[in-house]
Amino acid sequence: MKRVQQGFTLIELMIVVAIIGILAAVALPAYQDYTKRARISEGLGLAGGAKTALAEYYASNNAWPTSNTVAGLASPTEITGNSVTSVTVGNADGKIEVLYKTNAGAGTIVIAGAAGSGGVTWTCTGGTVDPKYRPTQCRP
């Protein structure tokens with residue numbers, strides 16, 4: 001009587017477990033970077049309303065607002081999110097500062113407005129957030 005092998009040998013199972021461990025060791029840091037980038041993007045979404053308010057204020061007054069209140073926005077600490085502490089309009093310089101909580105690295109991104117003949121253009125290369133976590137349009 002011939003016996004047919006059923007199942008896997010111990011060495012085959014150990015090889016599969018080792019491969020899964022290596023893949024997990026590579027994937028985990030990449031996933032952590034991805035989640036931090038998503039948290040940073042949340043701040044840029046919250047700053048979108050401030051960008052609109054600043055552009056409208058500049059179009060009406062030919063000057064930048066000096067605070068959130070003057071721009072018609074809520075106070076900086078009321079504009080928050082899961083990863084954002086505050087969104088602050090600069091002091092008459094056309095800048096918006098997004099301050100992040102510790103789960104996003106506790107840094108800042110500064111969005112600067114520049115008025116031109118065609119409207120306001122925005123750049124977001126300032127601040128203390130590590131460039132690898134910034135969206136591509138905000139990398140220096």
Side-chain angles (χ1 to χ4, degrees):
M1 218 181 301
K2 198 172 192 184
R3 191 165 176 201
V4 178
Q5 179 183 358
Q6 295 179 353
F8 298 105
T9 65
L10 181 61
I11 192 73
E12 290 170 333
L13 292 174
M14 289 175 63
I15 291 171
V16 168
V17 168
I19 290 171
I20 290 172
I22 291 168
L23 291 174
V26 169
L28 190 60
Y31 178 72
Q32 289 172 336
D33 285 353
Y34 168 77
T35 56
K36 194 170 272 191
R37 280 193 299 271
R39 290 178 178 141
I40 297 299
S41 294
E42 176 193 12
L44 296 180
L46 287 172
K51 289 184 346 185
T52 303
L54 264 71
E56 288 178 2
Y57 187 92
Y58 190 86
S60 298
N61 301 304
N62 203 26
W64 295 109
T66 56
S67 68
N68 284 36
T69 306
V70 173
L73 296 168
S75 71
T77 55
E78 290 178 2
I79 305 173
T80 62
N82 292 331
S83 302
V84 177
T85 301
S86 65
V87 177
T88 307
V89 170
N91 298 323
D93 56 2
K95 292 185 180 176
I96 303 165
E97 182 180 63
V98 180
L99 178 63
Y100 291 95
K101 295 179 182 176
T102 54
N103 67 355
T108 61
I109 285 186
V110 176
I111 303 167
S117 60
V120 178
T121 56
W122 299 98
T123 58
C124 55
T125 55
T128 61
V129 171
D130 189 349
K132 75 178 184 176
Y133 299 125
R134 294 171 177 260
T136 53
Q137 72 269 19
C138 294
R139 293 183 184 158

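Along the sequence shown, the residues carry numbers beginning at 1.
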side-chain contact (heavy atoms from CB on, under 4.5 Å) evaluation trace for V98 with V84: CA-CA 7 Å; V98 180; V84 177; 4.0 Å; yes
side-chain contact (heavy atoms from CB on, under 4.5 Å) assessment of V120 paired with L54: CA-CA 9 Å; V120 178; L54 264 71; over 6 Å; no
Full working for side-chain contact (heavy atoms from CB on, under 4.5 Å) between W122 and I96: CA-CA 10 Å; W122 299 98; I96 303 165; 4.1 Å; yes
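Between the side chain of T66 and the main chain of A92, no donor-acceptor pair closer than 3.5 Å is present. Under the 3.5 Å distance criterion, the side-chain polar atoms of K51 are left unmatched by any main-chain donor or acceptor of L44. For the pair N68 (side chain) and A74 (backbone), a donor-acceptor distance under 3.5 Å is present. Of the possible donor and acceptor atoms, one in the side chain of D93 sits under 3.5 Å from a partner among the backbone N and O of K95. Checking side-chain atoms of R134 against main-chain N and O of I109 turns up no donor-acceptor pair under 3.5 Å.
Residues I19 and F8 do not share a hydrophobic cluster, clusters being chains of Ile/Leu/Val/Met/Phe/Trp/Tyr side chains in contact below 4.5 Å. Connection of L46 to V129 is established within a shared hydrophobic cluster, with ILVMFWY side chains joined at heavy-atom distances below 4.5 Å, either directly or through further cluster members. Residue I79 is grouped with residue V89 when hydrophobic side chains (ILVMFWY) are merged at heavy-atom distances under 4.5 angstrom, including chains of intermediate members.
A pairwise comparison of heavy atoms in T88 and S86 identifies OG1-OG, 3.9 Å as the closest pair. When all heavy atoms are compared, the tightest approach of I111 to A47 is CD1-CB, 3.6 Å. Nearest heavy atom pair, residue Y100 against residue G43, reads OH-CA, 3.5 Å. When all heavy atoms of E42 and N82 are compared, the pair lying nearest together is OE2-N, 2.8 Å. Here the shortest heavy-atom pairing between L73 and A53 reads CD2-CB, 3.8 Å.
With sequence neighbours excluded, no residue forms a side-chain hydrogen bond (donor to acceptor under 3.5 Å, both in side chains) with N91. Listed by chain and residue number, W64 satisfy the ring-ring contact (aromatic ring centres under 6.0 Å, His included) test with Y58 (two or more places apart in sequence, or in another chain).
Between D130 atom CG and R139 atom CZ the span is 9.5 Å, to the nearest 0.5 Å. Interatomic distance, L99 CG to T80 OG1, rounded to the nearest 0.5 Å: 11.5 Å.
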If you look only at distance, which donor and acceptor atoms sit under 3.5 Å apart when one is on a side chain in residues 28-40 and the other is two or more places apart or in another chain?
| unit_1 | atom_1 | unit_2 | atom_2 | d |
| --- | --- | --- | --- | --- |
| T35 | OG1 | Y31 | O | 3.4 |
| T35 | OG1 | Q32 | O | 2.8 |
| R39 | NH1 | N103 | O | 2.9 |

